[in-house]
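Notes to accompany the following structure.
Along the sequence shown, residues carry numbers from 1. Small disclaimer: the values here were computed from a predicted structure and weren't measured. Hydrogens, waters and symmetry mates are skipped; everything else that's a heavy atom, side chains included, is used.
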Amino acid sequence: MDLVRKFLIVVEDAKEPLRFGDFRDSPGAKGFSEDEILYHLRLMQAHALIDAVIEESDDGACVACLVYGLTWDGQDFLDALRDDSVWEKTKRAVRESVGSTTFEVVKCVAVEASKRMALGALAGMF
């Protein structure tokens with residue numbers, strides 16, 4: 001999930017469409033294989049987080065990859081996970097409760113963590 005978050009930030013910051021090499025060469029992808037990077041890009045596309053065209057050969061190798069930007073859902077997902085503090089609390093809550101889960105549950109936990117932090121800050125204003 002860390003790689004998905006990092007890639008969403010890369011996509012949001014891009015001024016033009018991105019190719020596979022842009023993700024492979026990004027600092028957040030250090031230590032990940034090309035297969036792992038492609039897997040995460042496919043997941044992001046399948047969950048409608050990115051607007052992308054990904055073509056693979058019969059053996060699963062990436063032939064073409066062009067990521068145009070974030071979708072509405074991708075922007076929402078990133079907004080929920082953008083803050084490092086929220087992200088760390090979200091990962092800890094998921095790890096300590098269920099170990100692993102779906103994108104939707106992670107997003108819900110992040111939204112709740114953000115909400116609690118914002119409400120706590122709001123309470124201090126009055």
Start with the C-alpha distance between Lys89 and Arg116, add both sets of side-chain angles, then the distance that settles side-chain contact (heavy atoms from CB on, under 4.5 Å), and finish with yes or no.
-> CA-CA 11 Å; Lys89 288 177 183 180; Arg116 288 181 185 193; over 6 Å; no
Is there side-chain contact between Leu70 and Leu8, with heavy atoms separated by less than 4.5 Å?
-> yes
Can you find a heavy atom in the side chain of Lys6 that is under 4.5 Å from one in the side chain of Ser26?
-> no
Mind checking salt bridge (Lys or Arg N to Asp or Glu O under 4.0 Å) for Glu36 and listing every partner two or more places apart, or none if nothing turns up?
-> none
Given side-chain contact (heavy atoms from CB on, under 4.5 Å), test Val67 with Phe20 step by step and report yes or no.
-> CA-CA 8 Å; Val67 178; Phe20 180 80; over 6 Å; no
Could you note down all residue pairs passing side chain to side chain donor-acceptor pair (under 3.5 Å) where residues 47-56 supplies at least one of them, sequence neighbours left out?
-> Arg42-Glu56
Point-to-point distance, once rounded to the nearest 0.5 Å, from CG of Leu41 to CD1 of Ile54 | 5.0 Å
Nearest heavy atoms of Thr90 and Ala113, plus distance in Å | OG1-CB, 4.4 Å
Take Glu104 and Lys107 through the salt bridge (Lys or Arg N to Asp or Glu O under 4.0 Å) test and state the conclusion after the steps.
-> CA-CA 5 Å; Glu104 192 58 36; Lys107 181 180 175 186; 5.2 Å; no
Closest approach of Ala110 to Ala80 (non-hydrogen atoms, all atoms of both residues) | CB-O, 3.3 Å
N/O donor-acceptor pair under 3.5 Å between Asp22 side chain and Arg19 backbone = yes
Tell me the salt bridge (Lys or Arg N to Asp or Glu O under 4.0 Å) pairs involving residues 78-88, sequence neighbours left out?
-> Arg5-Asp84, Glu12-Arg82, Asp79-Arg82, Glu88-Lys91
Beyond-backbone contact of Val111 with Val86, side-chain heavy atoms, under 4.5 angstrom | no
Any link between Phe7 and Val53 through a network of hydrophobic side chains (Ile, Leu, Val, Met, Phe, Trp, Tyr) touching at under 4.5 Å?
-> no
Pairs satisfying ring pair (Phe, Tyr, Trp, His ring centres under 6.0 Å), at least one member in residues 63-101, at least two apart | Phe77-Phe103
Is there any ring pair (Phe, Tyr, Trp, His ring centres under 6.0 Å) pair reaching into residues 105-125, and which pairs are they, with sequence neighbours excluded?
-> none
Any side-chain heavy-atom pair of Val4 and Leu49 under 4.5 Å = yes
Given side chains that start at C-beta, do those of Leu38 and Asp35 come closer than 4.5 Å, heavy atoms only?
-> no
Determine whether Thr71 and Ile50 make a side-chain contact, defined as any pair of heavy atoms from C-beta on separated by less than 4.5 Å.
-> no
Path from Tyr39 to Val106 over hydrophobic side-chain contacts below 4.5 Å | yes
What donor-acceptor contacts under 3.5 angstrom involve side-chain atoms of residues 57-66, with partners at least two apart or in another chain?
from, atom 1, to, atom 2, distance (Å)
Ser57, OG, Asp59, OD1, 2.2
Ser57, OG, Ala61, N, 3.3
Asp59, OD1, Ala61, N, 3.2

